[in-house]
Amino acid sequence: MVVHSAAERVLAGLDPEQRSAVTAPAGPVCILAGAGTGKTRAVTSRIAHRALTGDISARHVLAVTFTARAAAEMRARLSALGVGGVQARTFHAAALRQVRYFAPRLLEGRAMPELLDSKVRVVTLAAAKVGLRADRAAARDLAGEIEWAKSSLVEPGEYVVAAAKALRETPYEPAKVADVFAAYERLKRGNGVIDFEDMLRAAVWGIEEHADVAEQVRGQYRHLVVDEYQDVNPLQQRLLDAWLGGRDDLTVVGDASQTIYSFTGATSSYLVDFPRRYRGATVVRLVRDYRSTPQVVGLANAVIAQARGAEARLRLELHGQRPPGPEPDLRIFTDEPAEANAVAARCRALIDGGTPAREIAVLFRTNAQSEAYEKALTEAAVPYVVQGAERFFERPEVRQAMIALRAATRSIPGETPLPAAVVEGLAAVGWAPDAPPAGGAARERWEALAALVQLAEEYAATPEVVPIGEAVAIERPVTLGDFNEELGRRAAQQHVPTVEGVTLASLHSAKGLEWDAVFLVGLAEGTLPTTYAKTPEQVEEERRLLYVGITRAREWLWLSYAAARSPGGRARRPSRFLPQLDRSGGGERAGAGATRRTERRRAQVVSCRICGATLLAGADRKLGRCPTCPSDLDEELYERLCEWRQRVAGAQKVPAYVVFTDATLTALAERKPGRTEELIAIAGIGPRKLGLYGDTVLALVAGAGVDEVCPQKSFEI
């Protein structure tokens with residue numbers, strides 16, 4: 001009875017589709033989960049429900065995903081649901097654990113080879129062996145090619161043909177890359193080291209070639225769960241098949257519309273083909289989006305609705321569940337510096353308005369775009385963090401801080417509260433809680449150490465439970481020593497704390513993350529889609545990248561591009577994926593006259609006087625600013641203009657808007673023109689209205705009263 005009530009509690013609060021996923025029968029289950037639809041909740045609830053009802057034993061479950069963060073979140077959610085013992089790991093961590101366990105048996109007493117943290121150093125040596133001088137950037141590109149080949153089960157001798165079939169953009173002539181690949185493999189063997197792909201292959205080999213190992217692994221792991229299944233590569237799928245051994249108690253979760261890692265060897269084909277491979281599989285679609293506002297969800301649906309290809313067959317139309325929010329903000333700027341400065345100014349305004357900096361992200365297609373935004377944010381005194389630029393626990397200031405905290409255990413009294421002890425320990429490296437630098441690299445370093453203090457506060461809020469007898473336990477406050485051990489575990493798993501600062505990240509590295517406010521920048525043809533996207537499949541992946549970027553935003557979304565890279569540079573077009581920004585095509589269907597009118601409107605560029613964005617909507621062009629930019633309306637002037645317009649309209653027996661629209665009056669009250677040239681610059685005031693009302697409007701702006709410029713009696717009949 002207790003068990004079943006616990007299982008019922010797992011189902012509480014699930015929507016109908018999530019409940020279907022959780023209660024699906026044993027066997028092959030495919031959960032197609034759109035962005036923000038609660039996939040982690042669904043899959044962990046499925047594991048917990050099956051365990052609590054006695055359908056499975058938690059210790060026989062292996063749940064694999066792609067990041068240590070996602071695996072840690074799975075474990076935390078399962079623990080909160082009252083289920084322990086599930087192995088939730090990344091593919092690499094699961095394989096490493098198994099290879100290490102079976103190494104004495106498989107290697108016949110030989111030591112397990114050392115695992116390479118990075119391929120770059122060995123690749124550099126391999127390139128030199130075949131006559132190539134590769135700098136660090138070129139070595140990273142070569143390492144990426146080798147990783148793709150090994151993940152795709154391609155050997156050095158097969159690389160040239162495989163790369164041609166896959167239309168790879170190789171850093172060197174394919175035959176040279178193959179030579180480097182072969183030399184890399186020889187160097188590894190000679191030095192007794194292996195890379196991550198070797199480790200996965202070793203796990204596969206151990207199971208496929210050793211019946212006793214296969215029996216033990218499959219006896220331990222009887223129920224498999226795979227998260228982000230659209231990102232599986234052929235090597236990972238082969239390991240999954242080895243774990244399964246022909247069984248079908250497999251639950252996979254994925255979203256074909258978020259397939260963005262094909263350049264690494266990942267393929268959504270396993271997700272797309274799942275129902276064909278497993279006849280009778282249960283397929284559940286999660287489409288209720290709990291992350292983003294309906295406005296953001298609507299734009300995401302509009303972008304992905306145009307998708308083509310195999311992944312589009314599994315396209316999901318999301319339904320936003322949150323209350324309405326602001327419409328996505330679409331902006332065009334004259335050049336990239338203007339775009340970066342406007343983004344920095346809006347970040348500053350959001351932070352000043354109460355949005356935490358850590359809840360803001362600026363996302364771009366390539367890492368090279370980061371520099372302009374780093375500069376603009378620094379000038380605006382906005383703290384920022386560059387995602388993926390350097391691993392948190394490898395940063396010099398963080399390493400120094402961890403050394404200082406270990407040393408502090410010898411000098412700080414054990415009864416000192418953990419947060420205070422951490423602050424005191426960080427004083428040794430010059431950190432002070434009340435002295436944040438204004439911005440730039442110094443502020444970034446300060447925020448990194450501040451994140452350690454915040455982590456200590458969170459860690460201290462969960463005291464350790466220590467058993468002292470049967471059914472008796474006490475809570476022991478965590479100590480600085482405990483915290484140092486926790487930091488060591490996090491460093492090993494790259495489970496980083498949240499750093500206070502605006503996140504700068506590529507669209508690829510933003511996958512799996514979310515923020516309150518998101519800026520999607522540089523959305524121009526040639527950047528998104530990139531010029532390297534030449535095939536229909538590659539173009540569709542670029543579309544999915546934009547879709548992923550849009551769905552990172554919870555509430556506030558900005559999309560922009562610069563009409564030129566630099567001031568006075570060659571004009572560019574907006575991304576083809578943004579029909580809202582692309583006005584091309586409509587004029588031809590409407591006829592030649594309409595085309596000429598469209599071209600004239602394009603030539604008359606009107607920029608926002610606040611942020612510099614190009615204004616597209618007629619009302620915005622009249623105002624001279626974006627609707628979301630702050631208004632500087634002179635309310636008293638606006639009231640006088642409205643009263644004057646009413647008198648004129650009454651005398652002429654026409655509707656008030658025929659004299660001037662509300663938007664034009666608002667523009668006059670905001671911009672307060674003092675000369676005829678400034679008056680004409682306001683959209684909606686042409687030569688005719690200038691002749692009729694120009695002098696009167698200028699007089700009103702200068703402070704004249706309505707009775708002075710048009711006495712009431714002059715309108716009496």
Side-chain angles (χ1 to χ4, degrees), residues 66 90-92 95-96 99 112-205 231-239 260-267 365-368 388-391 394 494 506 508-509 530-535 537-538 541:
F66 286 84
T90 65
F91 269 99
H92 291 112
L96 178 60
V99 170
M112 181 176 165
E114 180 185 347
L115 182 63
L116 282 175
D117 286 334
S118 169
K119 294 181 177 67
V120 172
R121 184 181 62 83
V122 180
V123 167
T124 303
L125 294 174
K129 290 278 187 183
V130 300
L132 288 180
R133 292 177 57 86
D135 60 17
R136 187 167 182 83
R140 281 199 299 267
D141 289 342
L142 285 165
E145 280 303 294
I146 292 171
E147 187 170 318
W148 168 80
K150 299 186 73 168
S151 297
S152 302
L153 301 175
V154 172
E155 300 298 331
E158 303 165 339
Y159 174 81
V160 173
V161 173
K165 286 183 177 179
L167 301 176
R168 300 290 292 180
E169 291 282 345
T170 59
Y172 294 96
E173 191 268 327
K176 273 294 183 185
V177 177
D179 291 342
V180 175
F181 185 5
Y184 168 81
E185 292 296 310
R186 290 193 296 271
L187 279 171
K188 281 197 296 93
R189 286 193 296 270
N191 291 322
V193 296
I194 59 174
D195 58 25
F196 284 104
E197 290 73 42
D198 293 330
M199 185 177 59
L200 294 180
R201 288 184 174 209
V204 171
W205 170 74
D231 291 335
V232 165
N233 62 43
L235 177 54
Q236 291 162 336
Q237 180 63 41
R238 185 161 174 179
L239 177 57
I260 60 172
Y261 292 112
S262 64
F263 66 95
T264 67
T267 172
R365 175 62 179 84
T366 66
N367 287 322
E390 186 175 24
R391 292 188 174 186
E394 294 175 2
Q494 283 301 318
S506 70
H508 283 102
S509 64
T530 174
T531 53
Y532 296 113
K534 294 182 172 61
T535 68
E537 293 78 15
Q538 291 168 341
E541 183 145 332

| query | Which salt bridge (charged side-chain N to carboxylate O under 4.0 Å, His left out) pairs, counting each pair once, include a residue from residues 151-164, with sequence neighbours left out? | reply | Glu155-Arg201
| With sequence neighbours excluded, what pairs up with Thr531 under the side-chain contact (heavy atoms from CB on, under 4.5 Å) test? | none
| query | Residues two or more places apart in sequence or in another chain: which of them pass side chain to side chain donor-acceptor pair (under 3.5 Å) with Thr170? | reply | none
| message | If you compare all heavy atoms of Pro113 against all heavy atoms of Gly192, which two are closest, and at what distance to 0.1 Å? | response | CB-O, 3.3 Å
| Backbone of Tyr261 reached by a side-chain donor or acceptor of His508 within 3.5 Å | no
| note | Taken in chain and number order and not counting sequence neighbours, the residues that satisfy side chain to side chain donor-acceptor pair (under 3.5 Å) with Thr267 are Ser269
| note | Distance col, row Arg186:CZ vs Leu125:CG, nearest 0.5 angstrom, shows 13.0 Å
| message | Distance check, rounded to the nearest 0.5 Å: Ser152 atom OG versus Arg168 atom CZ? | response | 7.5 Å
| query | Do the side chains of Leu167 and Gln538 get nearer than 4.5 Å, heavy atoms only? | reply | yes
Show every donor-acceptor pair shorter than 3.5 Å between a side-chain atom in residues 132-143 and any protein atom, with sequence neighbours excluded, or say none if there are none.
residue, atom, partner, partner atom, Å
Asp135, OD1, Ala137, N, 3.3
Asp135, OD1, Ala138, N, 2.7

| request: Return the minimal non-hydrogen interatomic distance between Pro156 and Ala178, and the atom names on each side. | output: O-CB, 3.8 Å
| field | Residues forming a side-chain contact (heavy atoms from CB on, under 4.5 Å) with Ser118, sequence neighbours excluded | value | Val120
| Set of salt bridge (charged side-chain N to carboxylate O under 4.0 Å, His left out) partners for Asp179, sequence neighbours left out | none
| request: Identify the two heavy atoms, one from Ala95 and one from Leu200, that lie closest to each other, and give their separation to 0.1 Å. | output: CB-CD2, 3.5 Å
| remark: Interatomic distance, CD1@Ile194 vs CG@Leu116, rounded to 0.5 Å, equals 8.5 Å
| request: Any pair with a residue in residues 159-197 that passes ring-ring contact (aromatic ring centres under 6.0 Å, His included), sequence neighbours left out, goes on the list, sorted by first then second residue, please. | output: His92-Phe196
| query | Is there a side-chain contact between Met112 and Leu96 (heavy atoms, below 4.5 Å)? | reply | yes
| request: Go through the structure and list residues passing side chain to side chain donor-acceptor pair (under 3.5 Å) with Ser262, not counting sequence neighbours. | output: Glu541
| remark: Here the gap from Leu153 atom CG to Asn233 atom CG, rounded to the nearest 0.5 Å, amounts to 7.5 Å
| task | Could you pull out all residues at least two apart from Gln237 that satisfy side-chain contact (heavy atoms from CB on, under 4.5 Å)? | result | Tyr229, Val232, Leu240, Asp241, Tyr270, Arg277
| request: With sequence neighbours left out, write down each residue that passes ring pair (Phe, Tyr, Trp, His ring centres under 6.0 Å) with Tyr532, or none if nothing qualifies. | output: none
| request: Identify the residue among Lys150, Arg238, Lys119, Lys188 that makes a salt bridge (charged side-chain N to carboxylate O under 4.0 Å, His left out) with Glu197. | output: Lys119
| Residues which pass side-chain contact (heavy atoms from CB on, under 4.5 Å) with Glu173, listed by chain and number, not counting sequence neighbours | Ala175, Lys176
